[in-house]
*Asks:* 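One structure coming up, written as structure tokens, with questions to follow.
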Amino acid sequence: MKKLPLSQLDALFAAIAEKRRLYIPAGEAGTASFTPWREGLKLTDALNTARSAKDLFFPQVENLADFKVTGKQIQVIENRDPAEPFVLFGVRACDCRSFDILDKVFLCDPVDTYYQARREQGTVVTLACTEPEETCFCTALGIDPTDPAGDVTAWMAEGFLYLRANTARGEELLSSLPLLEEGEKPEQDRSVFEKLPLRDLDWSAFGGERMMERFNAPQWASLAESCLGCGTCTFVCPTCQCYDIKDFNTGGGVKRYRCWDSCMYSDFTLMSAGQPRPTQLERFRQRFMHKLVYYPANHEGEFGCVGCGRCLQKCPISMNIVKVARALGEEAKP
Amino acid sequence: MRREALIPQVVQVTDIRRDTPDVKTFRVVDLDGRKPFLHIPGQCAMLSMPGVGEALFSITSSPTNEDYLEFSIKKCGCVTDWLHAIEPGQQVTLRGPYGNGFPVDTDFAGKDLVFVAGGIGLAPLRSVINYVRCYRDRYGTVDIVYGSRSKADLVDYQEILDEWCSEPGISVHLTIDNPQPDWDGHVGFVPNFVKELGFDTGKTVVMCGPPIMIKFTLAGLMEQGFPRDQIYTTLELRMKCGLGRCGRCNIGDKYVCKDGPVFRLDQLDQLPDEY
Ligand SMILES: Cc1cc2nc3c(=O)[nH]c(=O)nc-3n(C[C@H](O)[C@H](O)[C@H](O)COP(=O)(O)OP(=O)(O)OC[C@H]3O[C@@H](n4cnc5c(N)ncnc54)[C@H](O)[C@@H]3O)c2cc1C
Ligand code: SF4
Ligand code: SF4
Ligand code: FES
């Protein structure tokens, strides 16, 4: 394990940024975001970023290809947004787990080469949590916030930053930083996590096996009743991955790009022949069924939620996955 | 570099046939004049004109056709309007094939087959029917029930008359919704016609058409006592990626673009009613 006095954090960032682009969580709580590091940029005091770390691998908008149309002829021009080596510092355990969930979607056959290129270029340095918020429930989903995954795991304790490489890529990053010294991190007190209000959330009613039962639960009507269909919960969520493909006429040609979309929107599934999800009830149900039932059904029981708490903080009507889990979980009890 | 599934290939439309007032059939080859890719009957592909948009269509030609792919396309929006206005020689883009297709070499083998189609729903079934015709000895009896609003709305009418109707061992049953002077065939809706024909419940039924046709035909088949695992149909939902990723086309844990569009009725029974 390596260590560095926290007073030298700026020097560490400068050393990393010398070789590749570095993103760190910066800004005020509520709007903090992963920001390209520049001289003077400080780590945020906020526990987590407002938007999740998925942006770096699955950006909100990206070029797929360009087309040139001349008369009856079409030319495809590969014009991707470049994927350059970068380091993503300060990813929390929940967001890091979200990469595993997105990997299963984007890296299965046929692989999404845009996502893959960014995954291959990105080195993830996670940061262990010490002061979780009341909306956090990663521990209820089997995630250890004190020992997150990633290429490198970092801890802040007693005036030092401790760093442990977990992968070859992480090893490479640490060995390129001569300012690091050898060190062992002190034992962390975990009692704060044992007091989190949502630590005991019960997921036993969910998973792939009881799809029809959960789908037909009467609770959806009251849960979805006041949902505005604003899509905020899907945009801030680190595991939401729905997208749209659109063309933009540039005058000289056509840009085909991909952008985030949301299952909470009414035109998401609209067809001339009809609308399979006609009201907000069906759309609302889709989002939570996907995370808690459909995703696990397709991925060996793993849930599509990492307990980051963003949807708890950001929903304008205070609806969220915890309320859904409680309402449906209650119903499922004998 | 690895091939990206979302980047299409450029292909050329070599022939356009008008089938009905709102359906045209497009023949497509790659820029070397060859068939763009291999497929299974029932699979689909994304056709697009950059700047207009992308849309998914069933491949209506049979895999046994080695020269080109064909798509029968009904005019109903941006991409389809644009396609209806083009002339041969126009290039378009194509990606695919997508979906599971019909189990022509497994479950269908040795079975008596009844195809039931309505309107443009014949498009995916034409691929299977011509495949079955090519390997005729691998299957039992073949019945084709096909209906449209009027005689002019029957897709592939010429091919049906010239090739299917004259082939021994294939029974074609055509119907139109309302009587018209130059029609001496059956008149009436597909579901009733299927009932009247009273097929043996040991046959395998393959259905494709508007939801209302599927619904009532199905009710009739149930009444007659057909087992649900002998009935196949295709589903149509909004699609963008074709890869099970954009999140649009799922029914429960199944993606219609990837796990479908072909489903057996007993498989649909396991899924939420959201289509
Ligand atoms: C598995 C599958 C197979 C299909 N096979 C064929 C075929 O062989 N021949 C054929 O003519 N059509 C087929 N379709 C339907 C075809 O995809 C739509 O008609 C097409 O997307 C409309 O595109 P557009 O740009 O012309 O219309 P748009 O301008 O996009 O829209 C016109 C209207 O169609 C709706 N729409 C968008 N996507 C679809 C969709 N997938 N299905 C129905 N309505 C839609 C829009 O919401 C709008 O109301 C198939 C669809 C699926 C999912
Ligand atoms: S559903 Fe809510 S808590 Fe779960 S990962 Fe998404 S934003 Fe975070
Ligand atoms: S659950 Fe909340 S955040 Fe999500 S769409 Fe509904 S109102 Fe918006
Ligand atoms: S079309 Fe994108 S998931 Fe099926």
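Reminder, nothing fancy here: chain letters follow the sequence lines and each chain counts from 1.
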*Asks:* Does the side chain of A:D261 reach to within under 4.5 Å of the side chain of B:R248, using non-hydrogen atoms?
*Replies:* yes

*Asks:* What closest approach, in Å, do A:D112 and B:E4 show between heavy atoms, and which atom pair accounts for it?
*Replies:* C-OE1, 3.7 Å

*Asks:* Report which part of B:M49 has an atom under 4.5 Å of a heavy atom belonging to chain A: side chain, backbone, both, or neither.
*Replies:* both

*Asks:* Within the 4.5 Å heavy-atom criterion, are B:P88 and A:K72 side-chain neighbours or not?
*Replies:* no

*Asks:* Find the distance between OG1 (A:T269) and OH (B:Y275) and round it off to the nearest 0.5 Å.
*Replies:* 15.5 Å

*Asks:* I need the minimum non-hydrogen distance between A:L64 and B:I7, along with the two atoms involved.
*Replies:* O-CD1, 3.8 Å

*Asks:* Look at B:G89, B:G244, B:G77 and state which one has the largest set of heavy-atom pairs under 4.5 Å with chain A.
*Replies:* B:G89

*Asks:* Would you say that B:P8 contacts A:R256 through its side chain, given a criterion of any heavy-atom pair below 4.5 Å between the two side chains?
*Replies:* yes

*Asks:* Using a 4.5 Å cut-off on heavy atoms from C-beta on, say whether the side chain of A:Y294 contacts that of B:P272.
*Replies:* yes

*Asks:* Any side-chain heavy-atom pair from A:V76 and B:V10 closer than 4.5 angstrom?
*Replies:* yes

*Asks:* Is it the backbone or the side chain of A:M289 that comes under 4.5 Å from a heavy atom of chain B, or both, or neither?
*Replies:* neither

*Asks:* What part of A:Y295 gets within 4.5 angstrom of chain B, counting heavy atoms only: side chain, backbone, both, or neither?
*Replies:* neither

*Asks:* Give a yes or no on this: more than 12 heavy atoms of other residues, nucleotides or ligands lie within 6.0 Å of atom CZ of B:R149.
*Replies:* no

*Asks:* Side chain, backbone, both or neither: which part of A:Y114 has an atom under 4.5 Å from a heavy atom of chain B?
*Replies:* both

*Asks:* Would you say the side-chain atoms of B:K240 pair up with the backbone N or O of A:K246, donor to acceptor, closer than 3.5 Å?
*Replies:* no

*Asks:* Answer with side chain, backbone, both or neither: which region of B:Q270 has an atom nearer than 4.5 Å to a non-hydrogen atom of chain A?
*Replies:* backbone

*Asks:* Heavy-atom count check: over 12 atoms from other residues, nucleotides or ligands less than 6.0 Å from A:R21 CZ?
*Replies:* no

*Asks:* In terms of heavy-atom pairs under 4.5 Å with chain B, which of A:V69, A:D109, A:D244 leads?
*Replies:* A:D244

*Asks:* Salt-bridge test for A:D267 and B:R238: reply yes if a basic N is under 4.0 Å from a carboxylate O, no otherwise.
*Replies:* no

*Asks:* Tell me the closest heavy-atom pair linking B:A5 and A:P110, and the distance in Å.
*Replies:* CB-CG, 3.9 Å

*Asks:* So which heavy atom on B:L237 is nearest to which on A:P276, and how close?
*Replies:* CD2-CG, 3.7 Å

*Asks:* Give the minimum heavy-atom separation between A:M212 and B:D269, together with the two atoms involved.
*Replies:* CE-O, 3.9 Å

*Asks:* Could you walk me through whether B:T93 and A:F67 satisfy the side chain to side chain contact (heavy atoms under 4.5 Å, CB included) test, starting with their C-alpha distance in whole Å, then the side-chain angles of each, then the deciding distance to 0.1 Å, before giving a yes or no?
*Replies:* CA-CA 10 Å; B:T93 73; A:F67 299 91; 4.0 Å; yes

*Asks:* Can you find a heavy atom in the side chain of A:I245 that is under 4.5 Å from one in the side chain of B:C246?
*Replies:* no

*Asks:* In terms of heavy-atom proximity below 4.5 Å to chain B, should A:F215 be classed as side chain, backbone, both, or neither?
*Replies:* side chain

*Asks:* Less than 4.5 Å to any heavy atom of chain A: does that hold for the side chain of B:D259, its backbone, both, or neither?
*Replies:* neither

*Asks:* With a 4.5 angstrom heavy-atom cut-off, which part of B:V52 approaches chain A: side chain, backbone, both or neither?
*Replies:* backbone

*Asks:* With a 3.5 Å distance limit and no angle check, can you tell me whether B:R245 reaches the backbone of A:V105 through a side-chain donor-acceptor pair?
*Replies:* yes

*Asks:* Quick check: does any side chain N or O of B:D253 sit under 3.5 Å from a backbone N or O of A:V293, one acting as donor and the other as acceptor?
*Replies:* no

*Asks:* Examine whether an atom of B:L6 lies under 4.5 Å from a heavy atom of chain A, and if so say whether it belongs to the side chain, the backbone or both; otherwise answer neither.
*Replies:* side chain

*Asks:* Please classify the contact between A:C108 and chain B as side chain, backbone, both or neither, with a heavy-atom cut-off of under 4.5 Å.
*Replies:* both

*Asks:* How far apart are the C-alpha atoms of A:Q286 and B:N250, what are their side-chain angles, what is the distance that settles it, and do they pass the side chain to side chain contact (heavy atoms under 4.5 Å, CB included) test?
*Replies:* CA-CA 9 Å; A:Q286 163 64 21; B:N250 72 297; 3.1 Å; yes

*Asks:* Of all the heavy-atom pairs spanning B:G53 and A:D247, show the shortest one and how long it is.
*Replies:* N-OD2, 3.9 Å

*Asks:* Give, as side chain, backbone, both or neither, the part of A:R285 having an atom under 4.5 angstrom from any heavy atom of chain B.
*Replies:* side chain

*Asks:* Given that the side chain runs from C-beta out, which part of B:L271 has a heavy atom under 4.5 Å from chain A: side chain, backbone, both or neither?
*Replies:* both

*Asks:* Between B:G247, B:G51, B:G252, which shows the greatest number of heavy-atom pairs under 4.5 Å with chain A?
*Replies:* B:G252

*Asks:* Just how far is it from atom OG of B:S48 to atom CD1 of A:I74, taken to the nearest 0.5 Å?
*Replies:* 7.0 Å

